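Atoms considered below: every heavy atom in the structure, side chains included; atoms not considered: hydrogens, waters and symmetry mates. The structure presented is a predicted model; accordingly, all values stated were derived computationally and were not measured.
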Amino acid sequence: MWTRHHKQRNTGRLIVPVVASAFLAYFGYHAFHGAYGINSKQRLEERVAILQAELDELIVEREALETRLVLINDGTIERDMLDEQARRALDLVRDDEVVIYLDR
């Protein structure tokens, strides 16, 4: 009776390490570059700094608008304020006046 002997292959031994290293590589990459990774903290801090600067500008602008609003809201409108707002809204100037617009 003849018996066949099969030669053992080494490929079966490599399947588990290859799959494990693929998982480690995948999760390692996303630990650094993923949405919740290490590099995302730096990007988040930069975004916070940009938004904080924008918030500071808006607070200054709001305070300026509130000071101008106080001139109108106290029950009486000052003539100079009314004249300035009307001229700006209608773009009207007398012949002997010079208008200088300031960017705000």
Side-chain angles (χ1 to χ4, degrees):
M1 177 176 276
W2 292 88
T3 309
R4 278 195 169 170
H5 293 284
H6 295 285
K7 184 177 181 181
Q8 287 190 349
R9 295 185 180 125
N10 290 334
T11 57
R13 293 181 190 172
L14 294 177
I15 290 175
V16 173
V18 168
V19 170
S21 63
F23 276 116
L24 286 175
Y26 175 78
F27 288 116
Y29 175 80
H30 286 288
F32 282 99
H33 302 290
Y36 300 106
I38 294 173
N39 291 340
S40 66
K41 181 180 179 185
Q42 181 182 9
R43 289 191 305 260
L44 182 64
E45 289 174 352
E46 291 172 357
R47 181 168 163 79
V48 166
I50 291 170
L51 291 175
Q52 185 64 41
E54 185 178 339
L55 176 65
D56 294 339
E57 291 175 6
L58 290 174
I59 288 173
V60 169
E61 183 180 345
R62 179 183 175 156
E63 289 173 352
L65 289 173
E66 285 178 352
T67 56
R68 294 185 72 199
L69 186 65
V70 169
L71 296 174
I72 296 174
N73 268 351
D74 64 350
T76 61
I77 299 175
E78 292 185 14
R79 285 186 171 189
D80 292 336
M81 187 70 168
L82 178 64
D83 186 46
E84 176 187 345
Q85 293 296 327
R87 288 173 188 264
R88 180 171 289 146
L90 300 174
D91 282 336
L92 295 177
V93 181
R94 286 187 240 146
D95 293 335
D96 60 342
E97 292 180 339
V98 176
V99 176
I100 300 173
Y101 289 108
L102 300 176
D103 293 332
R104 291 186 183 191

Problem - ILVMFWY clustering at 4.5 Å (side-chain atoms), partners of L24 - result: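 None, because no other hydrophobic side chain comes under 4.5 Å of this residue.
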Handout entry: ILVMFWY clustering at 4.5 Å (side-chain atoms), partners of F27
Key =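 Under the 4.5 Å side-chain rule, F27 groups with I15, V19, F23, Y26.
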Problem - By side-chain contact (heavy atoms from CB on, under 4.5 Å) - contacts of R47 (at least two apart) - result: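 R47 satisfies side-chain contact (heavy atoms from CB on, under 4.5 Å) with L51 only.
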Problem - Test side-chain contact (heavy atoms from CB on, under 4.5 Å) applied to I50 - qualifying residues, sequence neighbours left out - result: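 Checked I50 against side-chain contact (heavy atoms from CB on, under 4.5 Å); zero matches.
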Please list every donor-acceptor pair under 3.5 Å in which a side-chain atom of residues 57-67 meets a protein atom from a residue at least two apart or in another chain.
from, atom 1, to, atom 2, distance (Å)
R62, NE, E66, OE2, 2.8
R62, NH2, E66, OE2, 3.4
T67, OG1, E63, O, 3.4
T67, OG1, A64, O, 2.6

Would you list the atom pairs, donor with acceptor, under 3.5 Å between side chains in residues 36-46 and any protein atom, with sequence neighbours excluded?
from, atom 1, to, atom 2, distance (Å)
N39, ND2, F32, O, 3.4
N39, ND2, H33, ND1, 3.3
S40, OG, A35, O, 3.3
S40, OG, G37, N, 3.3
S40, OG, G37, O, 2.6

